[in-house]
Structure formats: C-alpha cells, structure tokens
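Below: the structure, in structure tokens.
We count ligands from 1, going down the list as the structure has it; atoms in each ligand are counted the same way.
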Amino acid sequence: MFLLLVLFKGGALAQQVEVLWLGHAAFRITSTAGKVIVIDPFLKRNPRAPAKYKDLKALGKVDLILVTHGHGDHVSDLPELAKMSGAAVVINFELGNNLVALGMLDGSKTIAMNKGGTVAPLGPGIKVHMVPAEHSSSADLSQLKPETAGVRYIDGGVPVGYVIELENGFRIYHTGDTDVFGDMALISKFYKPDLALVCIGGHFTMDPERAAYAVRELIRPKQVMPMHYGTYPVINRTPAEFKAALGNAPIKVLDVKPGEALRF
Ligand SMILES: [Zn+2]
C-alpha cells in the first residue's frame, strides 16, 4: 500500500506545475507537491475572469497569496480570499501593514517585505523572490472599503513583481504591472525564469512592442504568457500584436484564454 502511494505521488502528473490564468493579472499556480499560490486576486469585478471564479471558493484551497501592488484590479478580492483561505499573504511593506491596520489582513499571516527579499512560507522547496516593477502603488479604498468617505487612495508602498522557484526547479516570473526597465536583465541573470507572465496591454503598463523588447532583450525566458490586456477598452492590445513584435525571437508565446490551465 505504501509503495503504491509512493508510486502514485511520484507519477507524471504529480510532477508538473499547473498555471491557471484567471484573466488580467490574476493567476493560480499549483506546485508539484500541490501547494496553491494565487497572484493578484481580482475576480468578482474582473470582466475577464471566468464566471465560475466569481465565487472565490472555486479556487479550492489556497496556501499563499502574492500581491504585486494595491490597485483595485489586483487586490479587490484580497481581504475576502485571505480570510476565507487562511493563506499567508506576501505583500510590500507599506501596503501590507496598512491593510493589517485597516483590519483587512491578519497580521499574523501577512509577510510584509520589500524588493530584494526572498521568503519561503510554504517550506524550503518553494522560494518567492520580490523583484522591482516600474509602476505606482496605492491602496484604493473605493474598492477595498467603499464605505470610507473623503479619501480614495492611501499609501500602497511600491509596486513589485515576483519570481517563484518551485520544487522541481521551474521558475516563474510575474512582472506585475510595469513598463520595461533595464534591470529586468538582472532579474533574468539572477533567476533565469522558465516562464514569464508579462503585461502587454499598454496605457498602464508595457504595450506589445515594449513587452516584446523586454522579453527578447532583457528577461529572455523560454516561454511567455501575455496578461493584463483586453480587460478594459483602454488596454485593448492583443497577443497577436505581441507575437508580431517578438518576430523570430526563440521564445514560445503561450496565448491562453482566461480559465485555461497549462502544465509544465
Ligand atoms: Zn493593473
């Protein structure tokens, strides 16, 4: 029986990492050992989130939540998901501590840190590196606490991205919302991402041409999944434009639909 269990746990499927795109910048990543990481929970008001995920319970168990910055389109479901799941939350220092002070996060489960830091809240097999992003951050009370009158934005610290190193060595870089910046080359040098989740929508972030430059010249991942496009009319650029801008760069573009999961 024990042997069977070992064989089953060591089977081909169990060795894979699953990456589920939930639309916009929201992802659910399931590690080879079944640890579940959600990035930027924005589902109920996310026009591109699949209908079933408007009910946060559809995410199943969640062990860890990573937050790139405080804008509503990245955190509007953070308080509810954190409470419901009991997951640890990795978040920038000011935003994390402000959300704890507002009663939206549990301080004992909040890992408020900063760029350059690495944590392993799921055990030594999974490392989470907080890396720079070139954007802004603030906590939007109109989404997080609509009953608050008189002030809309409070200090949300700095925007960040993440590199997640999983048990099998697979490395995923989520850029967060960002313009292209030269130090993406350092992120590439330090962490050598296998898969990059890259914003391409323009207006608030890189557009397809700038994202193509970032991926081809600086990040240099093996595979790239475009995100943060098509959610609103103002970010209506497309993966086709991104592919065209990448030209013949030896990087595989994974053009998935929200709700689709890929295994690596
Ligand atoms: Zn955004």
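Paired with V67 under the rule side-chain contact (heavy atoms from CB on, under 4.5 Å), one option of V90, I39, L95 passes, and it is L95.
Ring geometry for Y232 against F42 counts as tilted: the plane angle lies between 30° and 60°, on a 0 to 90° scale.
Of all N, O or S atoms in D177, the one lying closest to the Zn ion (ligand 1) is OD2. In terms of distance to the Zn ion (ligand 1), the nearest N, O or S atom of D73 is named OD2.
A donor-acceptor pair shorter than 3.5 Å cannot be found between the side chains of D177 and T205.
None of the N, O or S atoms belonging to H24 lies under 2.8 Å away from the Zn ion (ligand 1).
The six-membered or imidazole ring of H228 lies away from that of H174, with a centre-to-centre distance of 6.0 Å or more.
Angle subtended at the Zn ion (ligand 1) by H228 NE2 and H74 NE2: 110°, rounded to 10 degrees.
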